[in-house]
Amino acid sequence: MLFGSGMLVPTGQAWIPTSAGLIPQSAFARELSDEVRRQLKFFSPDEYLILQSAAERIVGPASAGAPSAAEIDVALRADAFLAGADPEIQEQFHLLLTVFNHPVFTFLFDFRFSAFVNMNDDEKDSYIEDWMTSPIAFRRTAFVGLKRLCMSMYYTDARSWPAIGYDGVFAQ
Amino acid sequence: MILRGSDITKPIRETADVCIIGSGCGGGPVAKILAEAGKRVIVVEAGSHVTPEEFVLTEESAFSNLYQQRAGQATEDQAVLVLQGKAVGGSTVINWTTSLRTPDFVLDAWQKRFGVQGISPKEIEPYFERVEKYLNIHAEPDERHNNLNRVILDGAKKLGYRAHANGRNVKDCNALGACGVGCPIGAKQTVDLTYIADAIKSGTTVFANCHADTIKASGKTKRVTGSVIDPVSHKAKFDFSIEAPVVVVAASAIHSPVLLLKSGVANSSGEVGKHLTFHLTTAVLGVFDRPMYPWKGIPQSAMCDEFLNKSGDGGGFWIESVPATAALAGLSMSGFGKRHRAMIRSYPNVAASIVLVKEIDSEGRVIVNSYGRPSISYKQGWKDLQYLKQGLKEAAKIHIAAGANEVYTLHTKETRLTSVEEIDKKLSAASYGTNEIAFYSAHPLGTCRMGEDPRASVVNSHGETHDVKGLFVIDGSITCTSLGVNPQVTLLALAEKHGEWLAENWKSVA
């Protein structure tokens, strides 16, 4: 929720090379448990891990009572949400995750030589910062889409509330 | 009666005197007036019917069940998140109750620039009065304002700006702070609990979870067709077809033009979908040294309208408070990661105010995408950008005057302001490009403009399309310009006026 259509590709235009979907993904998802795999309705195992990895850095690491994005199952919640989203949004999220992660694009956009998921935490933060502040509008747009997805999945879950002092609507 | 998608067990084949598409501020009053005039009225509503007892009172549930695209509707470039209700009762189910009359200078402009008849302040006054009485619209007494509204009233007073309590459509409101997720005690006088309920008493049938796809308008009888959506699986389960001599499109400024464009009707002017305005909105977050609890109490009960049409050009901005529930706060605060975590720890001490621009040179458009759904674009004009910058500065100054230690904007790159000097300097230098600052809109308007020139407008002064007799558009689409106030009273008054005209002129229309 809290993100919409037109994430990357405005209707009738192709801002991102459509060949992105043809580039094979890495095999980093091999380690994903069967239990998680069974629950996925929208993401491929690779996409799940890309989003989980991005969500950890976007939401911020667990600290002082605040659970991590993984503890809140942000990626699984996002998977369930996107499974029910409009097809144009689904299409664009598949594309976004491929472009965001794949070493071809990390190199083209940022002269980095590694897939996002293989970067260390500092590199990931710096890479996300580059998307957020990029002079290229669609990269900023993609960052906004990822941030909206991660933050809304995280902060709509009651487990995230105690650390920020929120007691829910109607709590009084 | 109201039939939900889950109650519908076979395809719908109905005839009626009038089929109304949408059950919000446009469709509700028209349904009530025509049903009470003895017409057989059928309302189709794409959203669900949810009663006060059924509201779950979490953002997660409300976004999923009561908002368009689960609160994810946005412009193509994601720059503006467009929040709209999707339920029986439309956006009134999830709005924050602010109820204000259309400013006279706006109505004057509609008459002078667009030739709209019967819309002078004096002529529309009785309709405002009727709406205000029916919905129990009144201002809150001083002691009922929550911390966020107090910031506006106190800060503006210190700066010598005009600020005051605004009208609210509530009865026996307990200040639960749940307006945006559905009022669980039915205190908010929403369209489903008022106009639609009265329309049903006079025989109206409402089909919820029914999404209209096309209107066929050959000859005197029109046919509305679409799909009955299963409210759980969100899949189409049956089709529906409703025939009527009169059809009223009231599906909002985003969805009404899509329906007309898909149907290929009422667009000889080429104006359908154009002239979208938003009341483009952004916010400031003031951090205080005491708890403000930005999600508690009455969300919006006061406003500062000092800067609306101040220079007489019809533009400007106004400032209101905004309830910051957890997810809204999480995604609105700047940046990401550790810094975001640090900032959101101050959340209980934050007060949020929104700046809403009354556009004069910005405009957007709604077209149909390849999936048959709305694709929204919006281009901000230079004059409106200047008002937006000024609005942010004034809102930040109001927070500082009210005692905030620091103020943040919604710029993607954190913008922290601690003094008036810093406010002017940093906000003049900041970037306002696509996705460099978060924008919102809860007031899409103007995509099927009203006017007397069929070359430059879609509907006439009564809401009837220039092209098709008996086909009306009565909702936020028909405003001629941006309003400068939260739109529900304007739209309800227009719907009362057009519905009344339709009832009185039924024979010549149907």
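Residue numbers start from 1 in every chain, and the chains themselves are labelled A, B, ... in the order their sequence lines are given, proteins ahead of strands. Just so you know, these numbers come straight off a predicted model, no measurement behind them.
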- Task: Identify which part of A:S63 has an atom lying under 4.5 Å from any heavy atom of chain B, answering side chain, backbone, both or neither.
- Result: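 Answer is both: backbone and side chain atoms of A:S63 are under 4.5 Å from chain B.
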- Message: Whether A:E129 and B:R339 form a salt bridge (side-chain N of Lys/Arg under 4.0 Å from carboxylate O of Asp/Glu) is what I want to check.
- Response: no
Between atom [atom1] of [X] and atom [atom2] of [Y], what is the distance when rounded to the nearest 0.5 Å?
X: B:F336; Y: A:C150; atom1: CZ; atom2: SG; answer: 11.5 Å
X: A:Y166; Y: B:K296; atom1: OH; atom2: NZ; answer: 10.0 Å
X: B:H340; Y: A:I58; atom1: NE2; atom2: CD1; answer: 10.5 Å
X: A:D125; Y: B:K338; atom1: CG; atom2: NZ; answer: 6.5 Å
X: B:S370; Y: A:E91; atom1: OG; atom2: CD; answer: 7.0 Å

Side-chain contact test, heavy atoms from C-beta onward, threshold under 4.5 Å: evaluate it for [X] versus [Y] and give yes or no.
X: A:D167; Y: B:W295; value: yes
X: B:Y371; Y: A:D86; value: no
X: B:N435; Y: A:M132; value: no
X: B:L81; Y: A:R148; value: yes

- Note on the structure: When the 4.5 angstrom heavy-atom criterion is applied to B:R373 and chain A, the contacting part is side chain
- Side chain, backbone, both or neither: which part of B:H234 has an atom under 4.5 Å from a heavy atom of chain A? neither
- Message: Under a 4.5 Å cutoff for heavy-atom pairs, which residue among B:G337, B:P348, B:S233 has the most contacts with chain A?
- Response: B:G337
Please give me the minimum heavy-atom distance between [X] and [Y], naming the atom from each residue.
X: A:A66; Y: B:R341; value: CB-NH1, 3.5 Å
X: B:A326; Y: A:I164; value: CB-CD1, 4.2 Å
X: B:E59; Y: A:T156; value: CB-CG2, 4.1 Å
X: A:F143; Y: B:T412; value: CE2-CG2, 4.1 Å

- Going through the checks in order, is the side chain to side chain donor-acceptor pair (under 3.5 Å) test met by B:D77 and A:T141? CA-CA 6 Å; B:D77 59 7; A:T141 298; over 6 Å; no
- Item | Short side-chain to backbone donor-acceptor contact, A:K147 and B:G335, under 3.5 Å | yes
- Message: Tell me whether B:R345 contacts the main-chain N or O of A:G165 through its side chain, where contact means a donor paired with an acceptor under 3.5 Å.
- Response: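 Side chain of B:R345 to backbone of A:G165: no pair is present.
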- Query: With a cut-off of 6.0 Å (strictly less than), are more than 12 heavy atoms of other residues, nucleotides or ligands near CG of A:N120?
  - Reply: yes
- Step through the shown structure and confirm whether more than 12 heavy atoms of other residues, nucleotides or ligands are within 6.0 Å of OH on B:Y293. no
- Query: Which of these passes side chain to side chain contact (heavy atoms under 4.5 Å, CB included) with A:Y155: B:T325, B:L331, B:I344, B:L328?
  - Reply: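 Among B:T325, B:L331, B:I344, B:L328, the one that satisfies the side chain to side chain contact (heavy atoms under 4.5 Å, CB included) with A:Y155 is B:I344.
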